[in-house]
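Data block below; observations after.
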Amino acid sequence: MEGFIANSKQNDVSNKIVGIDEVERLIDDYENKNSSIPMKDKLDYLRSANEIAKVRIISFSLHNESRINAIIREYKSYSQLNPQNYKRFTFCIEYSDFHPLLQKEEVKLRNFLSEICPNGATTIIYTATNSSWNEKVLVTIIASN
């Protein structure tokens with residue numbers, strides 16, 4: 001992946017989750033999403049993680065750019081997450097019921113998210129609806145060890 005230096009923790013300055021209270025808030029927030037799969041207990045692994053980072057990417061599309069291409073561009077241009085530093089990834093893809101995620105969009109996004117993970121990483125990818133996003137898509141990456 002362009003712009004990343006493998007195994008360099010100093011280049012990974014994404015939003016770090018620290019302290020048990022912050023971890024519990026993170027788990028509660030993502031367990032309570034209007035999700036495509038029940039997330040109860042799926043995020044328990046975060047309680048014993050050594051390091052957790054959270055990155056949120058919103059599809060701010062440029063001229064005639066698709067929502068998914070906007071997510072990919074935003075991730076590549078602005079994310080400071082170094083995926084090589086992590087072994088587990090949870091991806092939450094949120095969109096509005098009024099502007100649902102099309103199957104071709106979901107396939108493209110899932111493929112991209114799988115590509116950023118290092119070989120052997122454990123991943124969970126799920127979708128959730130949130131009417132406040134209108135036509136936008138939000139992807140939250142929770143990376144941990």
Side-chain angles (χ1 to χ4, degrees), residues 1-17 22-23 25-145:
M1 170 105 352
E2 326 176 327
F4 293 114
I5 300 170
N7 298 319
S8 177
K9 294 244 185 217
Q10 66 194 67
N11 288 334
D12 185 9
V13 292
S14 54
N15 185 14
K16 301 291 184 178
I17 306 300
E22 225 177 314
V23 171
R25 279 193 300 276
L26 178 69
I27 291 170
D28 286 345
D29 187 29
Y30 286 91
E31 280 183 344
N32 294 319
K33 298 279 182 191
N34 185 11
S35 173
S36 60
I37 58 174
M39 292 306 293
K40 187 79 176 140
D41 303 325
K42 294 232 187 254
L43 299 175
D44 280 347
Y45 73 89
L46 293 171
R47 290 183 175 98
S48 61
N50 293 328
E51 187 173 19
I52 303 169
K54 182 178 94 172
V55 176
R56 293 167 41 105
I57 306 159
I58 301 170
S59 63
F60 290 112
S61 301
L62 299 177
H63 308 282
N64 296 324
E65 182 180 43
S66 74
R67 300 185 298 178
I68 304 311
N69 285 344
I71 290 286
I72 293 169
R73 177 184 46 76
E74 292 277 332
Y75 175 84
K76 288 180 176 180
S77 297
Y78 302 109
S79 174
Q80 295 177 344
L81 178 72
N82 184 343
Q84 298 301 318
N85 291 339
Y86 302 96
K87 297 176 183 150
R88 293 189 78 152
F89 296 84
T90 298
F91 300 99
C92 179
I93 304 166
E94 293 182 61
Y95 55 90
S96 168
D97 282 330
F98 303 109
H99 298 278
L101 194 63
L102 302 174
Q103 184 176 8
K104 68 180 184 178
E105 290 179 308
E106 185 171 354
V107 167
K108 184 173 184 173
L109 188 53
R110 283 176 176 266
N111 287 341
F112 172 72
L113 295 174
S114 294
E115 288 171 10
I116 67 171
C117 297
N119 288 337
T122 302
T123 62
I124 298 172
I125 300 176
Y126 69 100
T127 60
T129 56
N130 182 335
S131 60
S132 67
W133 288 114
N134 296 320
E135 75 282 350
K136 303 261 186 273
V137 173
L138 167 69
V139 174
T140 303
I141 302 170
I142 302 170
S144 64
N145 287 322

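Residue numbers count from 1 along this sequence.
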Pair N130-N34, side-chain contact (heavy atoms from CB on, under 4.5 Å): steps then yes or no: CA-CA 7 Å; N130 182 335; N34 185 11; over 6 Å; no
E105/R67 ion pair, N-O < 4.0 Å: yes
Pairing of R47 and D44 as salt bridge, 4.0 angstrom limit: yes
Under a 4.5 Å cut-off applied to non-hydrogen side-chain atoms, are [X] and [Y] in contact?
X	Y	answer
T140	F91	no
I68	L101	yes
P83	P118	yes
I71	I93	no
V23	I52	yes
I72	K108	yes
V55	S79	yes
T122	K87	no

Aromatic ring pairing F89/Y86, orientation class (parallel under 30°, perpendicular over 60°, tilted between): perpendicular
side-chain contact (heavy atoms from CB on, under 4.5 Å) evaluation trace for E106 with T127: CA-CA 9 Å; E106 185 171 354; T127 60; 3.8 Å; yes
[atom1] of [X] to [atom2] of [Y]: how many Å apart, nearest 0.5 Å?
X	Y	atom1	atom2	value
L109	N69	CG	CG	10.5 Å
F98	W133	CZ	CH2	15.5 Å
I27	D41	CD1	CG	10.0 Å

Heavy-atom closest pair, residues [X] and [Y]:
X	Y	value
V137	S59	N-OG, 2.8 Å
N134	S96	O-CB, 3.0 Å
S61	S66	OG-O, 3.7 Å
K54	I142	CG-CG1, 4.4 Å

Backbone N/O of R25 and side chain of D29: donor-acceptor pair under 3.5 Å: no
Pair Y95, T129: side-chain N/O donor-acceptor within cut-off below 3.5 Å: no
Test item: side-chain donor near acceptor, Y45 and T90, under 3.5 Å: yes
Trace of the side-chain contact (heavy atoms from CB on, under 4.5 Å) decision for I125 with S114: CA-CA 9 Å; I125 300 176; S114 294; 4.2 Å; yes
Worked verdict on Y75 versus F112 for ring pair (Phe, Tyr, Trp, His ring centres under 6.0 Å): CA-CA 10 Å; Y75 175 84; F112 172 72; 5.5 Å; yes
Criterion side-chain contact (heavy atoms from CB on, under 4.5 Å) on L138 and I57, from CA distance to verdict: CA-CA 6 Å; L138 167 69; I57 306 159; 5.8 Å; no
Test side chain to side chain donor-acceptor pair (under 3.5 Å) applied to E94 and R56, K33, K136, the passing residue: K33
